[in-house]
Amino acid sequence: MRSTILLLAAACATGGARYGSVALKSGANASARPVSYSVGEGTIRSSNLEARVDQGCVRGSVGGMPLQLCSDPSDPTRWSGSSGDFTARTSEDGQAVLVSGYLALDAVRRVQMDQSIPLGKGPQWDELRRNPELLAIAATAADLQAVHIRP
């Protein structure tokens, strides 16, 4: 009984509902292994990424680099801040997330995020349809890992 309570407490402390995982293949290096991400309510995480949507902003870290982007009130598909500037929106047919912009690795280095990311089926993909900014960041993190760029 005690272990059940501890497991429930741990689940609550780590961000609530878990929808499953997604594996993202890098568009920058086709021979790289896919990166697996755990998707929760307003969150996505792996060994190199932790991102969560919090009051209109995405906060967390990519490869240890702080992540801070907020939605533009006049265009909710646009995210900007000290970590970059990009748009992420679900395609009209709902089958992909369309991304354009950049992620800032530091004061000098920027990585282009321009891509179309196919969406799968299941509750984890439904969550990423609701929060395409998380998928855009995760796909870029997978690209960085695949080409061995450290933020």
Side-chain angles (χ1 to χ4, degrees), residues 11 13-151:
T14 58
R18 298 265 181 215
Y19 295 122
S21 63
V22 297
L24 300 180
K25 187 87 167 130
S26 169
N29 182 353
S31 65
R33 285 190 220 160
V35 178
S36 182
Y37 293 94
S38 174
V39 179
E41 185 176 349
T43 66
I44 192 164
R45 62 182 53 166
S46 72
S47 61
N48 70 334
L49 171 69
E50 182 174 335
R52 70 190 175 287
V53 178
D54 179 28
Q55 297 178 357
C57 294
V58 175
R59 294 178 171 81
S61 65
V62 176
M65 173 194 78
L67 190 60
Q68 176 69 33
L69 298 149
C70 292
S71 178
D72 182 339
S74 64
D75 179 2
T77 67
R78 182 171 180 226
W79 296 81
S80 61
S82 60
S83 301
D85 189 338
F86 68 91
T87 60
R89 63 180 177 80
T90 305
S91 63
E92 287 185 28
D93 65 4
Q95 300 302 307
V97 168
L98 309 174
V99 184
S100 180
Y102 70 89
L103 187 67
L105 302 180
D106 53 39
V108 178
R109 299 180 302 154
R110 291 181 174 181
V111 176
Q112 285 303 122
M113 298 174 70
D114 302 344
Q115 59 186 306
S116 175
I117 309 161
L119 289 162
K121 301 215 183 294
Q124 66 275 41
W125 292 106
D126 293 340
E127 182 64 15
L128 295 173
R129 273 183 188 83
R130 284 189 290 275
N131 293 291
E133 65 280 3
L134 294 177
L135 182 58
I137 293 166
T140 302
D143 287 343
L144 291 172
Q145 185 173 325
V147 296
H148 308 289
I149 295 177
R150 304 270 311 149

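Throughout, residue positions are numbered sequentially from 1 according to the sequence presented.
Judged purely by atom type and a 3.5 angstrom limit, Ser21 has no side-chain atom pairing as donor or acceptor with the backbone of Ser36. The backbone N or O of Gly27 sits less than 3.5 Å from a side-chain atom of Asp143, completing a donor-acceptor pair. The backbone N or O of Ala146 lies less than 3.5 Å from a partner atom in the side chain of Asn29, making a donor-acceptor pair.
Side chains of Leu67 and Leu103 form a contact here, defined as non-hydrogen atoms less than 4.5 Å apart. Using a 4.5 Å heavy-atom cutoff, the side chains of Thr90 and Leu119 are in contact. With a 4.5 Å cut-off on side-chain heavy atoms, Arg129 and Val97 do not count as touching. With a 4.5 Å cut-off on side-chain heavy atoms, Arg18 and Ser38 count as touching.
Shortest non-hydrogen contact noted between Val62 and Ala141 is CG1-CB, 4.1 Å. Between Asn131 and Gly42, the shortest heavy-atom contact is ND2-CA, 4.2 Å. Nearest heavy-atom pair, Leu98 versus Ser116, reported as atom, atom and distance to 0.1 Å: CD2-OG, 3.5 Å. The two residues Ala30 and Lys25 have their closest heavy-atom pair at O-NZ, 2.8 Å.
Rounding to the nearest 0.5 Å gives a distance of 7.5 Å between OG of Ser100 and CD of Gln112. To the nearest 0.5 Å, the span separating CD1 on Ile44 from CG on Leu24 amounts to 6.5 Å. Rounded to the nearest 0.5 Å, atoms CE (Met65) and CZ (Arg150) are 11.5 Å apart.
With Glu127 as reference, Val39 is the one residue of Val22, Leu134, Val39 to meet the side chain to side chain contact (heavy atoms under 4.5 Å, CB included) rule. When each of Leu128, Asn48, Leu135 is tested with Tyr37 by the rule side chain to side chain contact (heavy atoms under 4.5 Å, CB included), just one qualifies, namely Asn48.
With a 6.0 Å radius and a threshold of 12 heavy atoms from other residues, nucleotides or ligands, Arg110 has its CZ atom at or below the threshold. More than 12 heavy atoms of other shown residues, nucleotides or ligands fall within 6.0 angstrom of atom CZ in Arg109.
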